[in-house]
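What's counted below: heavy atoms across the whole structure, side chains too, no hydrogens, waters or symmetry copies.
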Amino acid sequence: MRVLLVAVLALSLFSACQRQAPSAAVAPAPAAVAALTVPDTAKAAIAASTLMASIETLSSDAFEGRLPGTAGEEKTVAFLTEQFKALGLAPGNPDGSYVQKVPLAGIDGRPSGQLRVKDQVIPLDFNGNAVAVTERYQPEVTVSEAPLVFVGYGVQAPELGWDDYKGLDVRGKTLVMLVNDPPVRKADGSLDEAMFGGKAMTYYGRWTYKYDIASQLGAAAAIIVHQTGPAGYPWFVVANSWRGEQFTVASADGNAGRVAVQSWIALDKARELFAAAGLDFAALEAAAARPDFRPVEIAGSASFTVKNTLRTVDSHNVAARLPGTDPALGKELIVYSAHWDHLGRDDQRQGDPIFNGALDNATGTAGLIEVARAFSRLPEPPRRSLLFLAVTAEEQGLIGSRYYAQNPLYPIGDHIANINMDALNPYGPTEDVIVVGKGQSTLEDVLAGVVQAQGRRLVADPDSDKGYYYRSDHFNFAKAGVPALYADGGSVLRDRPAGTGQRLREAYTREAYHQPADQITADWNPAGMVEDLQMLFEVGYRVAQTPERPQWKDGSEFKRTP
């Protein structure tokens, strides 16, 4: 289990392959939960036909890739509102509407810049090996010849006795840092599970943390060195995700406290930089995995200019509510969430300009509608209330869910559970179900009972090094103290040759993730999504009907001491 301690929770947050592992021991659900009978008519309301119809609509070219602040958003919000109304659900906003306004600052930057080492200029190709953006709401942001310093993984974790900065004043400097956590090893060469979760990525490893700490320390710019393995995705994902207009939450000071320039460079460019400075990149990378690492000044500087087109945008979360029937428990909410947004369109690229986002996350958004449909077909609403929340700007750094967690429509203490859906499994029924971030809350115990009844097995996330628990919208609920569940339909496909699930997942990551190719394909089989959605519906129903609240487990970084 990844380790992320309380100090990290104070930080603000901005935003698959073969998953097969041995069965993990999970505590059985409480007897009261296990004894509940879930109406079959409600589960049967989750159907492949309506699910696929919603996915086809949301991922169609007409929705233009669902970028916040565009005509694609208007169509998406209208579609979701119509669907929730048709199901007879109440408006989720106490003001009587189905939307929550999320004020965004749109920044469409055109970067230029270079690195200089001694007398050598190292050019940066912002259409190839580098990206640079700013969160400062200014027409132009400039960093001029800011000294370069390599700060390892850029982590300050006092609870682990770890500080990559060792007291160095980095104000006005450009930080060069590695992605993911320090892979600390014991004397025998094995990963130290007590340090940064061992194999598992913690929030210290996420790019959001690295730019946060650079801002706190007053750096002029921060450059993250991309490596596919530690990042969890190839370079093209960075290039596509950080192109064009970027959004952040609008603030009164224009985000003046943020680091001026946030950059990534490809691994080859980083090696070129270090070599020009007479430094051994591989040796410094190894040194950065030790607690005695000290920052290394690079004999050079970085210069950036980002010219921005600015606008403010009122984006929207979409919310619908099914009121609970219990006089005492009815005020408590179980929140199902999914992000409706994707990357929009890029008319400058050759070929297909639209990033349709069928798997990511038209599937989860359509799944949200299906779960809401199931609850609406119950003979009687459950004791607790349900909130169905489709959030904006996940692809921009989990902004919509962060805004909701900080500005909830109902008291945050009344939110007792979050069940998140992000990229459902489209390849058919699986024998396994993955718990992402295993060991977090008792929601997993409820899930275990449901999975067992389906004749499937519950497994821990074999890709814990990718940090998925910190990369989708449930994380913002967890930070706010709400037990959050992120379960993923597995990869061991029923009645398919061994390794098929691995092949399909790897092909998607390689060929379609955050690319225009993320569209419905001939190998999709919605039966797996239907089974997983019925599973998640049943988990929420059982929690809604029993008096006990879900709890954080001992060892979870989100469990707060009274």
Is there a side-chain contact between [X] and [Y] in this structure, where contact means two heavy atoms from C-beta onward sitting under 4.5 Å apart?
| X | Y | answer |
| --- | --- | --- |
| L191 | V184 | no |
| D461 | V435 | no |
| R258 | D212 | yes |
| D164 | W162 | yes |
| V371 | M421 | yes |
| F304 | Q114 | no |

Would you say the side-chain atoms of [X] pair up with the backbone N or O of [Y], donor to acceptor, closer than 3.5 Å?
| X | Y | answer |
| --- | --- | --- |
| N356 | Q519 | no |
| N240 | H514 | yes |
| D181 | G205 | yes |
| Y209 | T202 | no |
| K186 | E193 | no |
| S60 | T57 | yes |
| K269 | P123 | yes |
| Y165 | V170 | no |
| D360 | A423 | no |
| N317 | G400 | yes |

Can you see whether [X] engages [Y] through a side-chain donor-acceptor pair at a distance of less than 3.5 angstrom?
| X | Y | value |
| --- | --- | --- |
| R456 | T430 | yes |
| T134 | N308 | no |
| N420 | S337 | yes |
| Q227 | E285 | yes |
| E506 | Q502 | yes |
| D268 | N129 | no |
| S556 | Q440 | yes |

Next item on the list: Could you list the residues that satisfy salt bridge (Lys or Arg N to Asp or Glu O under 4.0 Å) with R494, not counting sequence neighbours?
Entry: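 Expected list: E531.
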Note to self: My understanding is that only residues two or more places apart in sequence, or in another chain, count here; which of them pass salt bridge (Lys or Arg N to Asp or Glu O under 4.0 Å) with D523?
What the structure shows: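 Partners of D523 under the salt bridge (Lys or Arg N to Asp or Glu O under 4.0 Å) test: none.
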Taking every non-hydrogen atom, the tightest pair across [X] and [Y]:
| X | Y | value |
| --- | --- | --- |
| G489 | N425 | O-CB, 4.2 Å |
| T174 | A146 | OG1-CB, 3.3 Å |
| S491 | D432 | N-OD1, 3.2 Å |
| A214 | L175 | CB-CD1, 4.0 Å |
| F281 | A270 | CE1-CB, 4.4 Å |
| V433 | A487 | CG1-CB, 4.3 Å |

Notebook entry, point to check: Under the ring pair (Phe, Tyr, Trp, His ring centres under 6.0 Å) criterion, do Y153 and F293 qualify, and how do the steps go?
Noted result: CA-CA 10 Å; Y153 288 86; F293 168 82; 8.5 Å; no
[X] and [Y] ion-paired at < 4.0 Å:
| X | Y | answer |
| --- | --- | --- |
| R457 | E431 | yes |
| R349 | D347 | no |
| D488 | R505 | yes |

Out of curiosity, [X] [atom1] to [Y] [atom2], how far, rounded to the nearest 0.5 Å?
| X | Y | atom1 | atom2 | answer |
| --- | --- | --- | --- | --- |
| L424 | L536 | CG | CG | 8.0 Å |
| F126 | R110 | CZ | CZ | 13.5 Å |
| W242 | E395 | CH2 | CD | 12.0 Å |

Which class fits the ring pair [X] and [Y]: parallel under 30°, tilted 30 to 60°, perpendicular over 60°?
| X | Y | answer |
| --- | --- | --- |
| Y513 | Y508 | tilted |
| Y204 | F196 | perpendicular |
| Y469 | F558 | tilted |
| H474 | Y486 | tilted |

Notebook entry, point to check: Within 45° of the axis and under 6.0 Å from the centre of the six-membered ring of F477, does NZ or CZ of K479 qualify?
Noted result: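 The answer is no; the distance or angle limit is not met.
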Next item on the list: Measure from NZ or CZ of R243 to the centre of the six-membered ring of F355 and say whether it is under 6.0 Å with the direction within 45° of the ring axis.
Entry: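 Judged by the rule (NZ or CZ under 6.0 Å from the ring centre, within 45° of its axis), R243 counts as positioned above F355.
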Margin query: The criterion is side chain to side chain donor-acceptor pair (under 3.5 Å); which residues satisfy it with D422, sequence neighbours excluded?
Written below: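 If we apply the side chain to side chain donor-acceptor pair (under 3.5 Å) test to D422, skipping adjacent residues, the hits are H339, S472.
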Margin query: If you count heavy atoms of other groups shown closer than 6.0 angstrom to NZ of K307, is the number above 12?
Written below: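 For K307, atom NZ is not crowded (no more than 12 foreign heavy atoms under 6.0 Å).
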Notebook entry, point to check: Between V225 and L267, is a side-chain contact (heavy atoms from CB on, under 4.5 Å) present by the stated rule, with each step listed?
Noted result: CA-CA 6 Å; V225 177; L267 179 59; 4.1 Å; yes
